[in-house]
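Contents: one structure, followed by commentary.
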Amino acid sequence: MAVATKQSLDELCINSIRFLAIDAVEKAKSGHPGLPMGAAPMAYVLWNRLMRFNPKNPQWFNRDRFVLSAGHGCMLQYALLHLTGYDSVTLDDIKQFRQWESKTPGHPENFMTPGVEVTTGPLGQGIANGVGLAIAEAHLAAKFNKKDCQLVDHYTYVILGDGCNMEGVSGEACSLAGHLGLGKLIALYDDNHISIDGGTEISFTEDVNKRFEAYGWHVQHVEGGNDDLDGIQKAIEAAKAVTDKPSFIKITTTIGYGSPKKAGTAGVHGAALGGDEVEATRKNLGWEYEPFVVPEEALKHFREAVERGASLEAEWNQTLATYKTKYSADAAEFERYTSGTLPEGWEKALPTYSPSDKALATRKNSELTLNALAPVIPELIGGSADLTHSNLTFLKVSESFLKGKYENRNLRFGVREHGMGAICNGIALHNSGLIPYGATFLVFTDYMRAAIRLSALSEAGSIWVMTHDSIALGEDGPTHQPVETVASLRAIPDLLVMRPADGNEVSGAYKVAIENRKRPTLIALTRQGLPNLAGSSIENAAKGAYVASDSEGTPDIILIGTGSEVSLCEEAAKELRGEGKKVRVVSMPCWKLFDEQDEAYRESVLPKSVTKRLAVEAGTSFGWGRYVGNESNTVCINSFGASAPGGVAMKKFGFTVENVVAKAKAL
């Protein structure tokens with residue numbers, strides 16, 4: 001690698017990206033300098049020549065979305081945000097890379113750093129989020145655009161690496177993207193042949209381009225990713241010209257470009273270069289500047305993005321003004337969407353039930369609720385992982401979202417749970433008011449747990465509709481019967497796990513889910529029919545727990561149930577009351593919501609003076625000790641299930657009135 005001489009403006013700018021990354025990682029003594037050093041040319045071309053954004057308004061609606069799927073290389077993105085003029089990332093923020101409460105955390109976080117669209121860390125999530133962003137753009141464009149007024153018109157750009165391409169979630173999402181023909185999605189593949197373990201030849205030798213061709217993507221290869229700026233630009237422009245399929249551009253680069261000893265090695269992937277190698281890299285690239293110093297000429301060139309972005313937004317604002325004049329009703333709806341304002345009175349559509357109404361499986365109540373809400377909340381969009389007729393998630397007011405039919409709201413994810421989860425998060429984080437839901441069997445949340453966790457971490461208000469919630473699903477047996485699943489999901493911070501006991505609680509769960517736009521909700525639903533409770537209501541469900549029925553005076557014992565076991569508790573309570581016992585039944589659809597109520601309300605439901613409590617739930621007893629004093633004070637299941645008719649399985653595992661009564665008496 002030759003020693004650099006007088007650098008062109010482009011070289012100055014590219015090296016400014018590289019050395020901000022090098023210096024930040026070096027100061028933190030932690031990070032991944034290799035990707036920013038190698039991917040700086042493609043990022044510079046994209047951000048400086050092609051991408052549409054406004055640094056002074058990171059939330060401008062019609063901006064192009066950028067996702068760094070290879071999130072470990074986040075100093076690339078932070079450098080770009082700072083250099084192009086985002087107020088969210090100052091030079092001091094760059095210097096605080098990976099430090100406490102810094103706006104430049106170790107992987108990009110959308111809730112921490114304005115200008116970061118999605119939270120990427122686990123590899124493959126970002127490209128899958130990008131598919132969701134592109135779906136959101138396609139749907140909104142089909143819904144709002146007019147032939148003479150293109151209100152929604154932006155691209156989603158993703159930089160991904162070898163690790164992203166190895167992770168299965170990327171394959172799931174990219175397969176679907178190709179099927180859907182998402183022409184506004186463009187992925188730049190940083191082909192540097194290095195992963196943490198070493199050269200990719202030890203584990204990853206497939207022809208990625210051929211794989212993406214098979215997915216139905218438009219594929220190109222830029223061999224000179226280190227210096228062929230015009231070639232990179234032409235490839236992106238060619239990708240934009242292809243409107244009927246997503247584009248994948250393999251750009252071959254050198255990881256750690258410029259480092260004399262570490263370039264092209266795994267040693268520069270995830271560790272600081274070290275003082276001597278930093279100095280050698282400065283010399284090798286002709287970089288005469290002190291740490292964190294950006295040449296004035298380069299900074300001035302980058303900051304042209306501020307004026308350019310303001311002009312782009314002003315131009316779009318004029319389009320919006322024209323749209324308002326010509327299509328006032330649609331404009332009002334568009335502005336409602338993008339402001340995140342729900343339709344006035346939407347909650348009146350929620351179904352309510354009385355004990356005289358027919359007992360239904362809560363998955364059926366869910367179907368009725370979704371279809372009651374769909375006409376009044378047109379931003380509701382989603383579907384199932386090939387289980388539509390089991391999850392009961394089809395919106396009857398719409399057809400399927402398919403290639404060329406992007407105005408429709410029923411997403412067909414196929415058997416792709418993990419991809420579905422990450423795609424839904426991308427839709428939620430498009431910040432356009434869309435409310436996504438994804439559905440499968442509860443036990444298969446294990447396939448998509450990373451995406452569910454990230455929905456909570458990244459403040460994405462995705463709705464997870466999970467059916468077949470216990471051993472009562474029956475004959476499919478223990479592979480399909482969730483036992484520990486609800487407990488494990490409850491452990492995820494900021495995820496609202498709701499297990500409704502009847503139709504009113506299902507409506508209450510959806511009310512919670514729709515209203516929480518920065519907190520995801522998972523609704524666990526039954527396959528078997530459940531009676532409607534006399535004490536249930538939408539309002540009670542939103543409190544997380546409430547008194548479903550009671551005896552006069554201080555209770556001798558409190559029976560706490562969730563989901564299908566609340567009605568079991570009610571039957572057991574009747575028998576105990578017949579024997580003169582004072583019994584309170586508490587329905588607890590959501591632990592977190594109950595814990596968030598004030599102390600007086602919690603005391604009114606579960607008074608500390610009543611220590612005899614029994615929890616009944618067709619799942620593991622793990623965690624119930626916090627409410628009943630000891631996990632042995634439960635009727636639960638701490639083994640795998642069994643293949644048998646649902647009623648038989650429930651009986652064999654002790655979910656009967658007789659067993660609940662006996663356990664209560666033993667207390």
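If you're wondering where the values come from, they're calculated on a predicted model, not measured in any experiment.
Applying the salt bridge (charged side-chain N to carboxylate O under 4.0 Å, His left out) test to pairs two or more places apart or on separate chains, none has a residue in residues 298-310. Among residue pairs with one or both ends in residues 70-88, those qualifying as salt bridge (charged side-chain N to carboxylate O under 4.0 Å, His left out) are Lys56-Asp87; sequence neighbours excluded. Residue pairs meeting the salt bridge (charged side-chain N to carboxylate O under 4.0 Å, His left out) criterion with at least one partner in residues 152-174, sequence neighbours excluded, are Asp153-Lys184. The salt bridge (charged side-chain N to carboxylate O under 4.0 Å, His left out) pairs that include a residue from residues 256-269 number zero, where partners must be two or more places apart or lie in different chains.
For the side chain to side chain contact (heavy atoms under 4.5 Å, CB included) test, residues two or more places apart in sequence or in another chain that qualify with Gln318 are Ala321, Thr322. Listed by chain and residue number, Arg49 satisfy the side chain to side chain donor-acceptor pair (under 3.5 Å) test with Asp230 (two or more places apart in sequence, or in another chain). Contacts of Ser455 classified as side chain to side chain donor-acceptor pair (under 3.5 Å), with partners at least two apart in sequence or in another chain: Trp464. Checked against salt bridge (Lys or Arg N to Asp or Glu O under 4.0 Å), Glu379 has the following partners two or more places apart in sequence or in another chain: Arg336. Arg453 is linked by a salt bridge (Lys or Arg N to Asp or Glu O under 4.0 Å) to nothing, counting only residues two or more places apart in sequence or in another chain. Remark: Tyr44 pairs with Asp10, Asn48, His301 by the side chain to side chain donor-acceptor pair (under 3.5 Å) rule, at least two apart or across chains. For the salt bridge (Lys or Arg N to Asp or Glu O under 4.0 Å) test, no residue two or more places apart in sequence or in another chain qualifies with Asp190.
Cation-pi check for Lys95 over Phe292 is met; the charged atom lies under 6.0 angstrom from the ring centroid and within 45 degrees of its normal. Geometrically, Lys27 does not engage Phe97 in a cation-pi contact defined by less than 6.0 Å to the ring centre and at most 45° from the axis.
Salt bridge status for Asp23 with Arg282: present, with a side-chain N to carboxylate O gap under 4.0 Å. Classification of Glu335 and Lys324 as a salt-bridged pair holds, one side-chain N sitting under 4.0 Å from a carboxylate O.
The shortest side-chain heavy-atom distance between Arg98 and His107 falls under the 4.5 Å cut-off.
The aromatic rings of Phe334 and Phe144 sit perpendicular, their planes meeting at an angle over 60°, well past the 30° parallel limit. Phe401 and His139 have tilted rings, their planes meeting at an angle from 30° to 60° on a 0 to 90° scale.
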Can I get a per-line list of side-chain donor-acceptor pairs under 3.5 Å for residues 114-135, giving both atom names and the distance, sequence neighbours left out?
{"residue": "Glu117", "atom": "OE1", "partner": "Arg63", "partner atom": "NH2", "Å": "3.0"}
{"residue": "Glu117", "atom": "OE2", "partner": "Arg63", "partner atom": "NE", "Å": "2.8"}
{"residue": "Thr119", "atom": "OG1", "partner": "Asn110", "partner atom": "N", "Å": "3.3"}
{"residue": "Thr119", "atom": "OG1", "partner": "Asn110", "partner atom": "OD1", "Å": "2.4"}
{"residue": "Thr120", "atom": "OG1", "partner": "Leu68", "partner atom": "O", "Å": "2.8"}
{"residue": "Gln125", "atom": "NE2", "partner": "His418", "partner atom": "NE2", "Å": "2.8"}
{"residue": "Asn129", "atom": "ND2", "partner": "Gln125", "partner atom": "O", "Å": "3.4"}
{"residue": "Asn129", "atom": "ND2", "partner": "Ala422", "partner atom": "O", "Å": "2.8"}

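Taking the six-membered ring for Trp and the full ring otherwise, Trp217 and Tyr215 have centroids separated by 6.0 Å or more.
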